[in-house]
Amino acid sequence: MSKALHLLRSLVLVTCLFEGKASAQTFSLNPDPVGLPDLENSVSPYSHIQGMQELLRQPARSAYSLKLGPEDIRLKTSYLEKQEEDRMLTNGSSASQKRYFDALATYSLWNGSLFGEGEFAYSGLGLTPAAEELPKLMRLGLKGKWAGMSYGADYRSADHDFLFLTGARIDHARDESQLWGEYNLGFGRIRGSLGELREQMTDTNQLNLTRTAASSFHFNQSGWSGMLYSNYSIIAQGTDDSQRTLALTNGLSALYRPVTLLTLEPNLSLKEEWNSQTGMRTETPSAGLQLSSAPFKGMQLTGRTSYARGRSEDGLRDFATVSTAAGFNLQLEKSSVSESLLSFQIEYNNQLDFKYRRLSQEALMGKLQWKIIGF
């Protein structure tokens, strides 16, 4: 009986993976906001593993569920394929085929008290037509509830240049793992986690290892939310133990929506770093503000600014970073077979080195794009 049950589960999985429907869709320029976003995703380098599926605004999807006694198995597949023509004013035009596939399997026991999931995806959304291998992503997760407490473990592996449907990109190949626990107090929730990040730097081919212990307190009210957090990290570059850096970051993030069309996201933080070889400490306070607005349908305005100042005890590091960016997206035309977009972005970055002036860098970048998305 046990062998037959395992065989049945395998057949269900194979059947579902081949039930994905081929479809063509366009990206949403201005998705309708649904509640307030979770601030946790903007702070901890491991927090976005939890709820990764929320980042995938799924295209055409096929789903299948099977209930075997107390066990509940759900399988979902999605597939996106389309032709995109990108016309830039300086580089002419080019056309490429964009593909995205995602398969998610979930498994629950004891009426949802224990929940597991696995996910596999590949993305050719951000690649050039000459790209041979599509970047892949794999994720495994397990979480449960007991006596008012939530707990879980997550693992995610992603290739360099993997692009989500939301536009978020994986800049470096990485492996992430996390153990976490959370307790709901009613008016807020307390969360603690232990995580490890292995990142293969694309430009130097160097492996960076970061181990982090994090704690946070989240609170939500009507129209606004906030988070107090503290992260302690050990950062190792390459295989040389003498290159380790210890870092402690404390901060406050908030999100406020005074009206439906406007969202404000201020943040404050203080980061302290200790070089394990010299013992010298560097303090870096920073502040930032991000805002977004959708005054009309098909129009989106975004802006952000931040400032950070760092100084070391020995005076060898004395720097400041100023960053400002603004964006404008306008939907010119949309039909059942194509969509025309006009996008303008401008960004200013100024890295000031007060100790070694020649190392200071200043850059102003602007980009105007006219995109025709269709099939």
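Here the structure is a predicted model, which is why all the values come from computation and not from measurement.
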### Task
Run the numbers on Q300 and T302 for side-chain contact (heavy atoms from CB on, under 4.5 Å), then give the verdict.
CA-CA 7 Å; Q300 185 180 51; T302 60; 4.2 Å; yes

Given the rule in the side chain to side chain donor-acceptor pair (under 3.5 Å) test, do Q331 and N329 qualify, once you have shown the distances and angles that lead to the verdict? CA-CA 7 Å; Q331 186 181 75; N329 295 318; over 6 Å; no

Report the C-alpha separation of E362 and Y348 in whole Å, then their side-chain angles, then the decisive distance to 0.1 Å, and conclude whether the side-chain contact (heavy atoms from CB on, under 4.5 Å) test is met. CA-CA 8 Å; E362 187 177 15; Y348 172 75; 2.6 Å; yes

Hits for ring pair (Phe, Tyr, Trp, His ring centres under 6.0 Å) against F219, two or more places apart or cross-chain, chain-then-number order -> F217, W224

How far apart are the C-alpha atoms of S233 and T212, what are their side-chain angles, what is the distance that settles it, and do they pass the side chain to side chain donor-acceptor pair (under 3.5 Å) test?
CA-CA 4 Å; S233 301; T212 298; 2.8 Å; yes

Across all chains, not counting sequence neighbours, the side-chain contact (heavy atoms from CB on, under 4.5 Å) partners of I170 are R156, A158, F162, F164, R174

Taking side chain as C-beta onward, heavy atoms only, is L342 less than 4.5 Å from L368?
yes

OG (S150) and CD (E182) are apart, to the nearest 0.5 Å, by 6.0 Å

Using the side chain to side chain donor-acceptor pair (under 3.5 Å) rule, take S269 and S286 through it: C-alpha gap first, then chi angles, then the decisive distance, then the call. CA-CA 5 Å; S269 69; S286 63; 2.7 Å; yes

Carefully, step by step, assess N208 and L197 under the rule side-chain contact (heavy atoms from CB on, under 4.5 Å). CA-CA 8 Å; N208 287 354; L197 168 64; over 6 Å; no

Looking only at heavy atoms, the pair that brings T260 and R257 closest together is O-CD, 4.1 Å

In this structure, CE of M280 is separated from OG of S312 (nearest 0.5 Å) by 8.0 Å

ask   = How about E196 and R211: do any of their side-chain heavy atoms sit closer than 4.5 Å?
value = yes

CG (L114) and OG (S108) are apart, to the nearest 0.5 Å, by 8.5 Å

Do S306 and S323 have side chains that get closer than 4.5 Å, going by heavy atoms?
yes

**Prompt:** Are L291 and L301 close enough that some pair of their side-chain heavy atoms sits under 4.5 Å apart?
**Reply:** no

By side-chain contact (heavy atoms from CB on, under 4.5 Å), A325 pairs with (sequence neighbours left out) R304, E347

Report task. Check whether any side-chain heavy atom of M365 lies under 4.5 Å from a side-chain heavy atom of N349, and answer yes or no. Result -> yes

In this structure, CZ of F187 is separated from CD of Q221 (nearest 0.5 Å) by 10.5 Å

R281 meets the salt bridge (Lys or Arg N to Asp or Glu O under 4.0 Å) criterion, sequence neighbours left out, with E272, E283, E313

Side chains of K136 and F120: closer than 4.5 Å at any heavy-atom pair?
-> yes

Excluding L352, membership of its hydrophobic cluster (Ile, Leu, Val, Met, Phe, Trp, Tyr; side-chain heavy atoms within less than 4.5 Å) reads F354

One should read off an interatomic distance between D159 CG and L137 CG, to the nearest 0.5 angstrom, of 8.5 Å

Sequence neighbours excluded, the answer for salt bridge (Lys or Arg N to Asp or Glu O under 4.0 Å) partners of R317 is none

Members sharing L246's hydrophobic cluster, built from side-chain contacts under 4.5 Å between Ile, Leu, Val, Met, Phe, Trp and Tyr, are Y232, I234, L248, W274

Sorted by chain and residue number, the salt bridge (Lys or Arg N to Asp or Glu O under 4.0 Å) partners of D318 (sequence neighbours excluded) come out as R309, R311

For K145, the salt bridge (Lys or Arg N to Asp or Glu O under 4.0 Å) test, sequence neighbours excluded, returns none

Taking every heavy atom of L268 against every heavy atom of A287, the minimum-distance pair comes out as CD2-CB, 3.4 Å

request  = May I ask you to check whether D353 and S360 show a side-chain donor-acceptor distance below 3.5 Å?
outcome  = no

Between D102 and Y100, does the side chain to side chain donor-acceptor pair (under 3.5 Å) criterion hold? Intermediate values first, please. CA-CA 7 Å; D102 179 68; Y100 189 96; 4.8 Å; no

In short, salt bridge (Lys or Arg N to Asp or Glu O under 4.0 Å) pairs touching residues 216-235 with sequence neighbours left out are none

Rounded to the nearest 0.5 Å, the OG atom of S292 sits from the CG atom of L262 at a distance of 7.0 Å

- Item | Ring-ring centroid check F328 F344, cutoff 6.0 Å | no

_Validation row: Y229, T249 side chains within 4.5 angstrom (heavy atoms)_ = yes

Besides Y307, the hydrophobic cluster formed by Ile, Leu, Val, Met, Phe, Trp and Tyr side chains linked at under 4.5 Å, directly or via other members, contains V322

Members sharing Y356's hydrophobic cluster, built from side-chain contacts under 4.5 Å between Ile, Leu, Val, Met, Phe, Trp and Tyr, are L316, L359

- Hey, does Y155 have a side-chain heavy atom less than 4.5 Å from the side chain of D175? yes

